[in-house]
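Heads up, the thing below is written out as structure tokens.
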Amino acid sequence: MGKISYGRDEEVVQRMRPEPMTEAEAKAQDTIDDVEFEIFKHKMHMIGLEGKETTMKLGASTAMRFGDVAFGIFTAQGDLAVCATGIYHHAVLGQIPLKYIVKHLVEEPSVGVKDGDSFFYNDPYYAGVHNADMGLSVPVFHEGRLICFIGAAVHTGEAGGSEPGGTVTAAKSKYDEGMLIPPIKVGENYQLKEDLLNMFAAMNRDPRTMILDIKARLAATRIAQRRVLEVVEEKGADFVIGGLRKILAMTGQAARKKISRLNDGVYRQPRFLDTLGEDSGLVKIDLTVIKKDDQITLNLENSSPMLMDRPCNSYFQGIIGLAMVYFCGWLFHDLPPNNGLLEAIDWKFPDGSFINAKGDVATSIAPLVQITFTHGMFQSGARMTYATMPERSVASWFSGFSIPTFGGLNQFGEPVADITPEINATGCGARMDMDGVDAAGAFFATMADCSDVETTEADKPFLYGFRNYYNGSYGHGKRRGGAGLGYSLITHDTDYLLMGSHGGGSKFPTTQGLFGGYGLPSLFVRKVAHSNFKELLGESNVDLPTSLEHVYDGTSPETGSVSHGNISAVVEPSADGDVVYSYAGGGAGLGDALERDPEDIMRDLATDMVSEWAATNIYCIVYDKETMRLDVAATETARAAKRKERIASAKPYDAFVKEWEKQSPPQDVLRYYGEFPHPGTKALVA
């Protein structure tokens, strides 16, 4: 038993790989028939899926209702063995709170772990991301013996910080970020403790959603508990204990085998983040992926220093969680998603870096830090897999976040605080043989949904002026990225609302192209205060913009006080009729845009999926805008001229490097960067 020290346990967060196999687990595996084991795996996965779907059906927050749910079955030691999710970072991080419970609470006389208990947590030091990501777990006992744990983790839209919506853009320390709860017992004897629920409600701007989300997690885990016990009654406790351990062991073996088939190599991908929260500035994540034999090592030395008074920090365990989004969804897509995969992964984090946070620093916008890293992981992974698995070498999905946040009173006078769901409709990256899928989802939650607008309008204080594909949101290339969504949100029937935005990429685009493909444009927020949009809508004005590109073509009759700002924005008052315009990014392009089939471009023009400017200036096609007929000969001539222009502007690599190394961003941009160009933080084993 580990004695609670009333401080953070720095040892337990290091235990992200499977715990040593117990004697009981080893003995139990010897009795499991291969056919029975396959049936068992399928049953456990179906139990997980039922739990995930139940959580979604019963929850109230945007993320829970539309699928940002990780539902898992864990061993009695806390290792994730079975996972039903498309949001893999929550799943693999769910082991840390459970290992804390096993270490500190199982034998603690004042707490204990018994049948009918339930445990809640949201401290990002253990949950790995930020305060708005919350989880609940229950132990499963049979005849007094702990068999396993079951848990559900998902972003709840409000954590009670100094800003609503779960992210605190202006946070200076963890004390600005709201409720901060290490694993705590919230239920006994199959009942939640009403005094604790009342305390949670008092910490939250939207208590109804907070409590409903907790109860949704509990209801789903209880259903899964009953299903697991049915298997125990049929096959025996030893069978289930041994089966869960066998899943972990086989996953680790398969992961190492798969890695061994890749070419050994070193893949470097520095990534840059342009926001520190409420103000802009450049920080660096310097990723080196080393593949040798059957292991992959992630080395992150020379990443920028820790930010002592900004929320743009992440715990190292959160970075590993986001690495698993790539590994589970792309490289190990055909293996069970569990922390057995981490037996094939090693990591080195620099001490004193903003990606290895310590002390009381704020981590509210850690998700933005983590997806910046993940973009580097995708870029490195695409190069690493290209020679042996080209079908897995995919350009990056949108990696920047573009999430409106809000809090206040809705149109019914009820308290609300949450995010809107458009982040779940970004475009996926282009592939070697085809374009990316439009509005496919989010790379970190590929099974999530963005809701229909009527559902969001039903209980949130918004009207949508439009929400549809935005042809300026993706990267061009031989294969283009999938388009994301452009949208307008109109504050509706309330004057008591705060609106902000969470994201990065307004100064330094977040998502690069692959193998010559184009990256994404910068993100933005356009606000129109005192807009007449609702009045024009009431008049059925046919000139109102119906897509984001129409907002800027000079034909909109909308009037009001217009401003453009950073996608990372602190909340500010928004009154009835005020309008926000933004977009969820598309995927990156792959390959040279001059090699794109002109007929594909013509089809995109016909469906308004590419702009006339891009068709002419990026793809260099020539066509009659009246008849929409392609001029093949003129297109070939235009493309040949563009290639000659490229050659004329080229210079030898050594000359380019000599000139490039003289360049530097302005010093005020680098104030948090560290030493330029290499911040100087040294890699230590985390």
Could you check whether any side-chain heavy atom of [X] comes within less than 4.5 Å of a side-chain heavy atom of [Y], counting everything from C-beta outward?
X	Y	value
V186	F200	yes
V369	L273	yes
N339	M324	no

(request) Name all pairs fulfilling the side-chain hydrogen bond (donor to acceptor under 3.5 Å, both in side chains) condition that reach into residues 213-224, sequence neighbours left out, sorted by first residue then second. (result)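 For residues 213-224, and leaving out neighbouring residues, the side-chain hydrogen bond (donor to acceptor under 3.5 Å, both in side chains) pairs sorted by first residue read S61-D213, T156-D213, T156-R217, R222-Q225.
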(message) Filter on side-chain hydrogen bond (donor to acceptor under 3.5 Å, both in side chains), then keep only pairs touching residues 423-438, sequence neighbours left out; what's left?
(response)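 Checked against side-chain hydrogen bond (donor to acceptor under 3.5 Å, both in side chains) - neighbours excluded - the pairs reaching residues 423-438 are D68-N424, D435-R596, D438-R480.
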(message) Checking E422 now: which residues fulfil salt bridge (Lys or Arg N to Asp or Glu O under 4.0 Å) with it, not counting sequence neighbours?
(response)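 Counting only residues at least two positions away or on another chain, E422 forms a salt bridge (Lys or Arg N to Asp or Glu O under 4.0 Å) with R467.
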(message) According to salt bridge (Lys or Arg N to Asp or Glu O under 4.0 Å), does anything in residues 450-462 pair up with another residue at least two apart or in another chain? List the pairs.
(response)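 For residues 450-462, and leaving out neighbouring residues, the salt bridge (Lys or Arg N to Asp or Glu O under 4.0 Å) pairs sorted by first residue read R65-D459.
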(request) Check F378, F443, Y88 against Y326 for a ring pair (Phe, Tyr, Trp, His ring centres under 6.0 Å) and give me the one that passes. (result)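 Only match with Y326 under ring pair (Phe, Tyr, Trp, His ring centres under 6.0 Å): F378.
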Among all residues two or more places apart in sequence or in another chain, which pass the ring-ring contact (aromatic ring centres under 6.0 Å, His included) test with [X]?
X	value
Y583	Y470, F524
Y125	Y315
F40	F239
F401	F444, H502

(message) Looking only at the aromatic ring of each residue, does the gap between the centers of Y121 and Y126 stay below 6.0 angstrom?
(response)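 That pair fails the under 6.0 Å test.
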(request) Please find out if less than 6.0 Å separates the ring center of F119 from that of F149. (result)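 For F119 and F149, the ring centres are not under 6.0 Å apart.
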With rounding to the nearest 0.5 angstrom, report the [atom1] to [atom2] distance, [X] to [Y].
X	Y	atom1	atom2	answer
I73	I150	CD1	CD1	5.5 Å
T363	E177	OG1	CD	4.5 Å
Q77	Q95	CD	CD	11.5 Å
N338	L244	CG	CG	10.0 Å
N122	I184	CG	CD1	10.5 Å
H90	M134	NE2	CE	10.5 Å

Would you indicate whether [X], at its atom [atom1], is surrounded by more than 12 heavy atoms from other residues, nucleotides or ligands within a distance under 6.0 Å?
X	atom1	value
M432	CE	yes
H42	NE2	no
M250	CE	no

Of the non-hydrogen atoms in [X] and [Y], which two are nearest, and what is the gap between them?
X	Y	answer
S118	L192	OG-CD2, 3.8 Å
A254	L335	CB-CD2, 3.6 Å
L298	A323	CD1-CB, 4.0 Å
V571	E163	N-OE1, 3.8 Å
R271	P509	NH2-O, 3.8 Å

(request) Test L58 against T54 for side chain to side chain contact (heavy atoms under 4.5 Å, CB included), laying out the working first. (result) CA-CA 6 Å; L58 298 179; T54 302; 3.8 Å; yes
(request) Measure from the side-chain N and O atoms of T405 to the backbone N and O of G165, and report whether any donor-acceptor pair falls under 3.5 Å. (result)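 Side chain of T405 to backbone of G165: no pair is present.
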(request) Measure from the side-chain N and O atoms of N131 to the backbone N and O of M179, and report whether any donor-acceptor pair falls under 3.5 Å. (result)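 A pair under 3.5 Å: yes.
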(request) Identify, with sequence neighbours excluded, every residue that meets side-chain hydrogen bond (donor to acceptor under 3.5 Å, both in side chains) alongside Q191. (result)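 Residues passing side-chain hydrogen bond (donor to acceptor under 3.5 Å, both in side chains) with Q191: none at all.
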(message) Holding to side-chain hydrogen bond (donor to acceptor under 3.5 Å, both in side chains), I want the full list of residues that pass it with N566, two or more places apart in sequence or in another chain.
(response)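 Expected list: S280, S506.
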(message) For a side chain to side chain contact (heavy atoms under 4.5 Å, CB included) check, start with the C-alpha distance between D334 and K258, then their side-chain angles and the critical distance, and finish with the verdict.
(response) CA-CA 10 Å; D334 49 356; K258 190 159 191 176; 2.7 Å; yes
(request) Let me see the working for S396 and Q379 under side-chain hydrogen bond (donor to acceptor under 3.5 Å, both in side chains), right down to the final yes or no. (result) CA-CA 7 Å; S396 295; Q379 293 288 93; 3.3 Å; yes
(request) Would you please classify the geometry between the F462 ring and the F406 ring as parallel, tilted or perpendicular, with 30° and 60° separating the classes? (result)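 Rings of F406 and F462: perpendicular, as their planes differ by over 60°.
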(message) Could you check whether E38 pairs with K41 (Lys NZ or Arg NE/NH1/NH2 to Asp/Glu carboxylate O, under 4.0 Å)?
(response)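 Looking at E38 and K41, the cut-off is met.
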(message) Strictly below 4.0 Å, N to O, side chains only: are D79 and K99 in salt-bridge contact?
(response)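 The answer is yes: the pair qualifies as a salt bridge.
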(message) Any donor-acceptor pair under 3.5 Å linking the side-chain atoms of S314 with those of Q370?
(response)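 Present: a donor and an acceptor within the cut-off.
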(message) So, using side-chain contact (heavy atoms from CB on, under 4.5 Å) as the criterion, who are the partners of D493 when residues are at least two apart?
(response)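 Once residues adjacent in sequence are excluded, the partners of D493 under the side-chain contact (heavy atoms from CB on, under 4.5 Å) criterion are Q411.
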(request) Using side-chain contact (heavy atoms from CB on, under 4.5 Å) as the criterion, list what pairs up with R227, not counting sequence neighbours. (result)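 So R227 forms a side-chain contact (heavy atoms from CB on, under 4.5 Å) with I47, E50, I223, E230.
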